[in-house]
J.: 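Once you've had a glance at the structure underneath, I'll fire off some questions.
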Amino acid sequence: MKVFHGRQGAASEAKTETFTGQVFGDPVMPTTDGVTINNVFFAPGARTFWHTHEVGQVLTVLAGQGWICVEGEAASPLKAGDTVWIPQGEKHWHGAAADSYLLHTAISIGKTHWLQEVDGLAYEEASAPR
């Protein structure tokens with residue numbers, strides 16, 4: 001068993017290389033046995049690049065509103081209390097709505113494979129109200 005105590009003074013990490021907009025991550029647990037857990041804060045309109053996970057990912061939305069999109073499908077809205085399972089190899093992105101921040105806990109299992117940026121037009125089209 002391992003106990004990981006709260007942040008203990010660790011600074012929030014600005015995420016820049018595989019995210020669009022202002023995004024900050026706070027580690028909940030360092031990568032252990034192939035599992036990484038982070039709280040991720042997205043400013044309005046910020047989002048991940050397209051990516052997949054070697055084994056899968058669980059997102060639990062803690063606050064705010066946002067979107068998650070699987071390649072080839074319309075984006076689905078996210079709000080506080082939602083939990084999402086993303087299976088192995090599913091190409092997707094997630095992030096904040098244009099008018100709201102988004103805070104979620106991300107439990108990533110196995111390696112994350114980062115792909116291309118979600119361009120602004122694709123984001124607007126995928127996340128437009130239906």
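The model shown is predicted, which means the values in this text are computed figures rather than measured ones.
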J.: I'd like to check the side-chain hydrogen bond (donor to acceptor under 3.5 Å, both in side chains) partners of Glu54; sequence neighbours left out, ordered by chain and number.
T.: none

J.: Measure centre to centre between the rings of His104 and Phe42, then say whether the value is under 6.0 Å.
T.: yes

J.: Under 6.0 Å between the ring centres of Phe19 and Trp114?
T.: yes

J.: Do you reckon Ile86 sits in the same ILVMFWY cluster as Val61, going by side-chain contacts under 4.5 Å, direct or chained?
T.: yes

J.: I'd like to know if the side chain of Ser12 and the backbone of Gly25 have a donor-acceptor N/O pair within less than 3.5 Å.
T.: no

J.: Under the rule for side chain to side chain contact (heavy atoms under 4.5 Å, CB included), what residues qualify as partners of Glu13, not counting sequence neighbours?
T.: Lys15

J.: Would you indicate whether Glu117, at its atom CD, is surrounded by more than 12 heavy atoms from other residues, nucleotides or ligands within a distance under 6.0 Å?
T.: yes

J.: Could you tell me which residues satisfy side-chain hydrogen bond (donor to acceptor under 3.5 Å, both in side chains) with Asn38, sequence neighbours excluded, listed by chain and number?
T.: none

J.: Is it true that the side chains of His92 and His51 contain a donor and an acceptor less than 3.5 Å apart?
T.: yes

J.: List, one per line, each side-chain donor-acceptor pair under 3.5 Å for residues 74-82, sequence neighbours excluded.
T.:
unit_1 : atom_1 : unit_2 : atom_2 : d
Lys79  : NZ     : Asp82  : OD1    : 3.4
Asp82  : OD2    : Lys79  : N      : 2.9

J.: Can you tell me how far CZ of Phe24 sits from CG of Asn39, rounded to the nearest 0.5 angstrom?
T.: 14.5 Å

J.: With hydrophobic residues grouped by side-chain heavy-atom distances under 4.5 Å, do Leu62 and Val28 end up in a single group?
T.: no

J.: Tell me whether Val40 shares a hydrophobic cluster with Phe49, the cluster being built from Ile, Leu, Val, Met, Phe, Trp, Tyr side chains joined at under 4.5 Å.
T.: yes

J.: Under the side-chain contact (heavy atoms from CB on, under 4.5 Å) rule, what do Leu102 and Trp67 come out as? Steps first, then yes or no, please.
T.: CA-CA 9 Å; Leu102 177 71; Trp67 298 98; over 6 Å; no

J.: Is there side-chain contact between Leu59 and Thr83, with at least one heavy-atom pair below 4.5 Å?
T.: no

J.: For residues Tyr101 and Phe41, establish whether the separation of their ring centroids is below 6.0 Å.
T.: yes

J.: Ignoring hydrogens, what is the shortest heavy-atom contact between Ala96 and Pro44? Give both atom names and the distance.
T.: CB-CA, 4.1 Å

J.: Using the side chain to side chain contact (heavy atoms under 4.5 Å, CB included) criterion, which residues pair with Lys91? Sequence neighbours excluded.
T.: Trp50, Thr52, Glu71, Leu115, Gln116

J.: A side-chain contact here means heavy atoms from C-beta on lying under 4.5 Å apart; do Gln57 and Ile107 qualify?
T.: no

J.: Same cluster or not: are Ile68 and Val23 linked, directly or through other Ile, Leu, Val, Met, Phe, Trp or Tyr residues, by side-chain heavy atoms under 4.5 angstrom apart?
T.: yes

J.: So which heavy atom on Val55 is nearest to which on Trp85, and how close?
T.: O-CH2, 4.0 Å

J.: Rounded to the nearest 0.5 Å, what separation is found between the OG1 atom of Thr105 and the CG atom of Asp26?
T.: 10.0 Å

J.: Run through the side-chain heavy atoms of Ile, Leu, Val, Met, Phe, Trp and Tyr, join any pair under 4.5 Å, and report what else lands in Val70's cluster.
T.: none

